[in-house]
Amino acid sequence: MIDPNLLIHDFDATVQRLARKKTDLEFLNRTRFLLLERRNMQQQLDEKRATMNKSSKEIGGLLQSGQTEAAEERKATVAMLKEEIAALEEQVRKAEEQVDYFLLRIPNLPADDCPDGDGEADNVIVRTHNYNEADYRDRSYRPHWDVAGDLGIYDGDRASKISGSMFSLLRGEGARLLRALVHFGLAINADTYEEIAPPHFVRTDTFTATGHLPKFEVEAYKLRDDDLWAIPTGEVPLMSLHRDEILDEDDLPRRYMAYTVCFRREAGSAGKDTRGLQRLHEFQKVELVKVCTPEQAPAEYAALLADAERPLQLLGLPYRVVDLCTADLTFSSARVHDLEVYAPGIDRWLEVSSVGVFTDFQTRRGNIRYRPKGSKKVAFTHAMNGSGLATPRVWAAVIEHGQQADGSVKIPEPLVPFMGTDVIRPKT
RNA sequence: GGGGAGGUGACGGAGUGGUUGAACGUGCUCGUCUCGAAAACGAGUAGGGCCUGAAAACCCUCGAGGGUUCGAAUCCCUCCCUCCCCGCCA
């Protein structure tokens, strides 16, 4: 969440910054009012408590010096005070509840250099790699589900039989290609990121820390009998690694990567662009996460973006970098660059990574702080993340780009060691 | 699933009703010493709220929530979590 003090002390500027995000901001005024009201009540409460504390100490003194009667008198007055305090406490608790309700629903402030916009059309294509439109004019490319289906390495029908739409089932070399991509994605980052194998089910407080709750509850799978949610991305457990911790500045930046399965309900997107591996309820992904100081953030972010691009470059896939405009930013992010791979078989740009900075939005929720060198005060760390390799869409792109006239698929060179072959051939 | 133990500051670890936000140690910061470092010695060092200068004062926080009491880290209840033993099982 954002710093509540911004609403109290810097209201107009904050509203203006949030307005760039094109979200509903009507409740900001109310939030500010509630914050002030709570503060006011808290002050009254503090005063009464101070009086009571003082009296209690005096009573202790009276009892020790044997003045029992005087002590009893004081007890009676304290009893009255206690009732007032209890009433006030109840009010403060209610106010706090309301304040929290609103605060959790205020999105992060966009970065100053984030392009303004009203929607997807205003996103800025920063650069395009390895893509020549002409390359795809002369030759016809088939969609990955046809190519892979004919090869017998993708079995969408059986996936549906087992689990319904938007699930995938890979077979043989298709399954191995998935595993190769994961290995590859981890291997190229192993020197900079610590690999984590986290839990795939997390508690509500963990899910809230990254901003996935309460805003995106309908997008998540929840276990019926336990307080556990299936993670939609490795970001969720990774970001909670240091929750409620105070780190030393020397320990920053921390860089983590995790290969996880991701679960998404994709509510409301049924039937749209869901054919093949474009959009799945369950998929595997290598996620990159960083926790750092505010000063380190710009350089770390640039490096993170480069790290997310690298696998696409090494695999020889055409892709473009899209700087999302303010309207398209996610709830928690201040700046986002999407990486989109061109899939010639379906003639679409597929989002394969969303690299975003969260400033202190998530770390405030998760209470991840650090002690700046030489400072007595602790401060919130900054956090950022991005997909290192999202398998289904990259898998699809590899298939569509590698397809050859005889129905076989050529495997990009970096994957060959993991695949054990440089081509997937039709079975005879 | 059954039985037992326990959750205290960055970390280890005292503390069973009264001025303890918390001994002691480690770590960290500053200083003395040193050419410099180590060691030694001295001092400081929880987080948050309030206060949008700093500080003081005041309030909250010893897993979370409730209760008893004039007063709770300390007593009672509920929940969460961790560890150990037994059972079951991949």
Side-chain angles (χ1 to χ4, degrees), chain A residues 1-15 17 32 34-97 99-100 103 109 197 199-209 223 225-229 237 240-252 254 291 293 360 363-381:
Chain A
M1 61 183 175
I2 64 167
D3 183 353
N5 278 321
L6 286 174
L7 291 177
I8 293 179
H9 303 303
D10 207 6
F11 186 72
D12 293 337
T14 305
V15 170
R17 291 183 67 189
R32 175 184 156 86
L34 286 167
L35 278 166
L36 292 171
E37 194 180 57
R38 183 194 56 175
R39 186 172 73 178
N40 183 27
M41 286 190 293
Q42 185 71 51
Q43 281 167 358
Q44 291 178 40
L45 180 60
D46 285 356
E47 279 172 34
K48 289 191 192 299
R49 277 177 171 160
T51 312
M52 189 180 80
N53 288 342
K54 209 186 286 173
S55 296
S56 290
K57 286 182 184 175
E58 284 167 11
I59 289 169
L62 289 173
L63 285 174
Q64 269 180 352
S65 59
Q67 305 178 54
T68 22
E69 270 179 43
E72 288 305 321
E73 263 173 50
R74 292 307 288 272
K75 283 191 193 182
T77 49
V78 168
M80 287 169 59
L81 196 54
K82 275 179 70 173
E83 279 179 33
E84 292 175 34
I85 288 175
L88 259 175
E89 277 175 341
E90 178 61 15
Q91 285 181 41
V92 168
R93 197 188 58 73
K94 276 188 183 150
E96 208 134 68
E97 222 167 65
V99 165
D100 286 347
L103 282 178
L109 303 166
H200 287 69
F201 295 94
V202 300
R203 291 150 45 132
T204 294
D205 51 352
T206 302
F207 216 50
T208 307
L223 294 197
D225 294 329
D226 297 284
D227 174 34
L228 289 172
W229 305 76
S240 273
L241 214 56
H242 293 297
R243 204 169 74 232
D244 294 323
E245 290 183 19
I246 299 175
L247 302 162
D248 283 336
E249 184 170 356
D250 287 339
D251 290 337
L252 299 174
R254 305 296 287 248
V291 174
T293 69
D360 62 357
T363 48
R364 185 182 301 278
R365 284 186 175 214
N367 200 26
I368 306 171
R369 295 171 294 174
Y370 76 106
R371 214 176 286 282
K373 266 201 155 47
S375 162
K376 270 186 72 178
K377 298 290 289 179
V378 296
F380 286 107
T381 56

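Worth saying up front: this structure is predicted, and the values here are computed from it rather than measured.
Among B/rC51, B/rG48, B/rG18, the nucleotide with an atom closest to any side-chain atom of A/Arg369 is B/rG48. The A/His9 side chain lies nearest to B/rU52 when the options are B/rU52, B/rC70, B/rA10. Checking B/rG47, B/rC70, B/rC51 against the side-chain heavy atoms of A/Gln43 singles out B/rC51 as nearest. In this structure, of B/rA10, B/rC51, B/rG48, it is B/rA10 that holds the atom nearest to the side chain of A/Ile246.
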Nucleotide-resolved protein contact map, nucleotides 56-61 of chain B, B/S/- at heavy-atom distance under 4.0 Å: --SSS-
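If you take CZ of A/Arg93 and P of B/rG49, they are 21 Å apart, rounded to a whole angstrom. Going from atom CD1 of A/Ile85 over to atom P of B/rC70 covers 14 Å, rounded to whole Å. Between the CD atom of A/Glu249 and the C1' atom of B/rC28 there is a distance of 13 Å, given to the nearest Å. If you measure from atom CG of A/Leu252 to atom P of B/rA10, you get 16 Å, rounded to the nearest angstrom. Taking atom NE2 on A/His242 and atom C1' on B/rA10, their separation rounds to 14 Å, with Å as the unit.
Applying the Watson-Crick and G-U wobble criteria (two distances, each under 3.5 Å), B/rG25 pairs with B/rC11. Judged by Watson-Crick or G-U wobble contacts below 3.5 Å, the nucleotide B/rG1 has B/rC86 as its partner. Under the Watson-Crick and G-U wobble criteria, each requiring two contacts below 3.5 Å, nucleotide B/rG36 is left unpaired. Look at B/rG17: it lacks any Watson-Crick or wobble partner with both distances under 3.5 angstrom. Pairing partner, B/rC51: none, since no Watson-Crick or wobble contact has both distances short of 3.5 Å. Look at B/rC62: it lacks any Watson-Crick or wobble partner with both distances under 3.5 angstrom. Across all strands shown, B/rG42 forms a Watson-Crick or G-U wobble pair with B/rC30, both key distances being under 3.5 Å.
When the P atom is compared between B/rG6 and B/rG15, the two are found 12 Å apart, to the nearest whole Å. Look at the C1' atom in both B/rG65 and B/rC81: the space between them is 15 Å, to the nearest Å. On the P atoms, B/rG25 is 11 Å away from B/rC41, given to the nearest whole Å. The same atom, C1', is picked in B/rC62 and in B/rG17; the two are 15 Å apart, to the nearest Å. B/rU8 sits 23 Å from B/rU45 when the P atoms are compared, rounded to a whole Å. Here the separation of B/rA14 from B/rA73, taken at their C1' atoms, is 12 Å to the nearest Å. B/rA43 and B/rG49 have their C1' atoms separated by 29 Å, with the value rounded to a whole Å. Nucleotides B/rG47 and B/rU29, compared at atom P, are 16 Å apart to the nearest Å.
Salt bridge A/Lys94/A/Glu97: absent, no basic N to carboxylate O contact under 4.0 Å. With respect to the salt-bridge test (charged N to carboxylate O, under 4.0 angstrom), the residues A/Lys75 and A/Glu72 qualify.
In summary, of the residues considered (A/Thr363, A/Asp205, A/Asn367), a side chain to side chain donor-acceptor pair (under 3.5 Å) with A/Arg243 occurs for A/Asp205 alone.
Residue A/Lys48 is out of contact with every strand shown, counting any heavy-atom pair closer than 4.0 Å. As judged by a 4.0 angstrom heavy-atom cut-off over every strand, A/Leu62 is placed among residues making no nucleic acid contact.
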Trace of the salt bridge (charged side-chain N to carboxylate O under 4.0 Å, His left out) decision for A/Glu96 with A/Arg93: CA-CA 5 Å; A/Glu96 208 134 68; A/Arg93 197 188 58 73; over 6 Å; no
Salt bridge (charged side-chain N to carboxylate O under 4.0 Å, His left out) between A/Lys48 and A/Glu89, intermediate numbers included: CA-CA 11 Å; A/Lys48 289 191 192 299; A/Glu89 277 175 341; over 6 Å; no
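Counted within 6.0 Å of CD on A/Glu69, heavy atoms from surrounding residues, nucleotides or ligands total 12 or fewer; the atom is thus considered open.
The shortest distance between side-chain heavy atoms of A/Pro372 and A/Thr293 does not fall below 4.5 Å. Side-chain contact between A/Arg369 and A/Leu247 is absent, with no heavy atoms from C-beta onward closer than 4.5 Å.
Map A/Arg39 and A/Ala79 each onto its nearest nucleotide of RNA chain B; the residue landing nearer the 5' end is A/Arg39. Taking for each of A/Glu72 and A/Gly60 the nucleotide of RNA chain B with the nearest heavy atom, the 5'-most of the two is the partner of A/Gly60.
In terms of phosphate contacts, A/Arg371 brings a side-chain nitrogen or oxygen within less than 4.0 Å of OP1 or OP2 of B/rG47. In this structure, A/Arg38 does not reach the B/rC50 phosphate: none of its side-chain N or O atoms is under 4.0 Å from OP1 or OP2. Checking the phosphate oxygens (OP1, OP2) of B/rU69, no side-chain nitrogen or oxygen of A/Lys75 falls inside 4.0 Å.
Closest of all the heavy-atom pairs between A/Pro199 and A/Pro237 is O-CG, 3.8 Å.
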